[in-house]
Amino acid sequence: MKVLLGLGNPGPQYAATRHNVGWWVLDHLADVWRFDPWQPQGETLSAAGSVGPHKVRLVKPQTYYNLSGVALRPYLRRPFWAAKTDLLVVCDDVALPVGRYRLRAQGSAGGSNGLRSIERTLGSQEYPRLRVGTRPADERAVGDLATFVLSPFDPAERHEVAALLPRVADACDTWVREGILAAMNAHNGPS
């Protein structure tokens, strides 16, 4: 089973924030892939379905962003499931400008407490991730990072992120069907 884990925070007060862009991607995928409705499952909300011959589960941790790794504990007990090939983490990235995204096969948390939580749970940095840019055109607007990531996009930025979702969905589809290297080769590069 392929698992796409979107980072975000539960609660309506966080729904429109930059930190929840991972959930925006999963909501878009659930719609495009026509998955079953979101259901509570342990400390997550999940939606399941198939992409071609592949069983896929979309997972939104309900533990808050900084504890996202908890959502992966049940998968670690599954025989034949490996984070390196069966997990794609979708998160925001303030190092990338709004309107850009980047796939990586592995790497550091890069300052993301959500990715650090995942690394602690997995005991490894070897898991694919898809980072969606949240940095505004005027980098001075970031200010205090903790406040910034919990702030909403302005209307123009929100539109730009929404326009990016079909391309991100194509990247996720490529990952499910062909793996992270094929997805990186097809989707990384100038946007």
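In this text, all values refer to a predicted model and were calculated from it rather than measured experimentally. All heavy atoms count here, side chains included; hydrogens, waters and symmetry mates do not.
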Report task. Looking only at non-hydrogen atoms, find the nearest pair between N20 and Y14 and report the distance. Result -> CG-O, 3.3 Å
Query raised in the report: Do T121 and L76 touch side chain to side chain, with heavy atoms closer than 4.5 Å?
Result: yes
Requested in this report: Please report the shortest heavy-atom distance between W33 and L58, naming the atom on each side.
Outcome: CZ3-CD2, 4.1 Å
Requested in this report: Kindly say whether G107 contributes a backbone atom to a donor-acceptor pair with the side chain of R129 at under 3.5 angstrom?
Outcome: yes
**Report entry** Distance, nearest 0.5 Å, that separates CZ of R57 from CD of Q39
**Finding:** 10.5 Å
Report task. Let me know which of V89, V59, L88 forms a side chain to side chain contact (heavy atoms under 4.5 Å, CB included) with V3. Result -> V59
Report task. Over all heavy atoms of both residues, which pair between L5 and A71 is shortest? Give the atoms and the distance, please. Result -> CD1-CB, 4.0 Å
Report task. Mind listing the closest non-hydrogen atom pair of D36 and A47 along with its distance? Result -> O-CB, 3.4 Å
Query raised in the report: Any idea which heavy atoms bring Y101 and L164 closest together, and the distance?
Result: CD2-CD1, 3.6 Å
Report summary line: Applying salt bridge (charged side-chain N to carboxylate O under 4.0 Å, His left out) to R18 and not counting sequence neighbours gives E157
Query - Residue pairs passing the ring-ring contact (aromatic ring centres under 6.0 Å, His included) test where at least one lies in residues 79-98, sequence neighbours excluded - result: Y75-W81
Query raised in the report: Is there a donor-acceptor contact under 3.5 Å from the side chain of D93 to the main chain of R131?
Result: no
Report task. To the nearest 0.5 Å, tell me how far S68 OG sits from R116 CZ. Result -> 13.0 Å
Requested in this report: Go through the steps to decide whether V176 and L4 satisfy the test side chain to side chain contact (heavy atoms under 4.5 Å, CB included), and finish with yes or no.
Outcome: CA-CA 9 Å; V176 167; L4 287 90; 4.2 Å; yes
Query raised in the report: Do T174 and H187 touch side chain to side chain, with heavy atoms closer than 4.5 Å?
Result: yes
Query raised in the report: For H19 and D92, does a side-chain donor sit closer than 3.5 Å to a side-chain acceptor?
Result: yes
Query - Lys/Arg N to Asp/Glu carboxylate O, R158 vs D154, below 4.0 Å - result: no
**Report entry** Electrostatic pair D27:K60 at N-O distance under 4.0 angstrom
**Finding:** yes
Report task. May I ask whether L130 and L72 are part of the same hydrophobic cluster, defined by side-chain heavy atoms of I, L, V, M, F, W, Y residues being less than 4.5 angstrom apart, directly or through others? Result -> no
Query - Within one Ile-Leu-Val-Met-Phe-Trp-Tyr cluster: V161 and L7, side-chain cutoff 4.5 Å - result: no
Report task. Answer yes or no: is there a donor N or O on one side and an acceptor on the other, between the side chain of S108 and the main chain of G110, under 3.5 Å? Result -> yes
Query raised in the report: Any chain of hydrophobic side-chain contacts (each under 4.5 Å) joining V90 to L122?
Result: no
Query raised in the report: Sub-3.5 Å donor-acceptor pair from the side chain of R135 to the main-chain atoms of A95, do we have one?
Result: yes
Query - Polar contact flag, side-chain donor to acceptor under 3.5 angstrom, E43-T63 - result: no
Query raised in the report: CG of D173 to NE2 of H54: how many Å apart, nearest 0.5 Å?
Result: 9.0 Å
Query raised in the report: Any sub-3.5 Å donor-acceptor pair from E126's side-chain atoms to A83's backbone N or O?
Result: no
Query raised in the report: CG of N188 to CG of L181: how many Å apart, nearest 0.5 Å?
Result: 10.5 Å
Query raised in the report: Is the backbone of P61 close enough, under 3.5 Å, to the side chain of T44 for a donor and an acceptor to pair up by distance?
Result: no
Requested in this report: Look at the side chain of S117 and the backbone N and O of G69, then say whether any donor-acceptor pair between them is shorter than 3.5 Å.
Outcome: yes
Report task. For residues G8 and W23, report the shortest heavy-atom separation together with the two atoms involved. Result -> N-NE1, 3.3 Å
**Report entry** Expected output: side-chain D86 to main-chain A82 donor-acceptor under 3.5 Å
**Finding:** yes
**Report entry** H159 atom NE2: more than 12 heavy-atom contacts under 6.0 Å
**Finding:** no
Report task. Kindly determine whether F153 and E160 satisfy side chain to side chain contact (heavy atoms under 4.5 Å, CB included), including the steps that lead there. Result -> CA-CA 10 Å; F153 289 98; E160 198 167 350; over 6 Å; no
Report task. Kindly work out whether a path of hydrophobic side-chain contacts (I/L/V/M/F/W/Y, heavy atoms less than 4.5 Å apart) joins V149 to L96. Result -> no
Query raised in the report: Knowing that exactly one of L26, L29, V51 qualifies, which makes a side chain to side chain contact (heavy atoms under 4.5 Å, CB included) with F35?
Result: V51
Requested in this report: Flag yes if W24 and V168 sit in one hydrophobic cluster, no otherwise; membership is Ile, Leu, Val, Met, Phe, Trp, Tyr, and two members link when side-chain heavy atoms are under 4.5 Å apart.
Outcome: yes
Report summary line: To the nearest 0.5 Å, atom CH2 of W175 lies from atom NZ of K2 at 5.5 Å
Query raised in the report: At what distance, to the nearest 0.5 angstrom, does CD of Q41 lie from CD of Q62?
Result: 11.5 Å
Query raised in the report: Pick from N9, L115, T17, L150: which one makes a side chain to side chain contact (heavy atoms under 4.5 Å, CB included) with Y65?
Result: N9
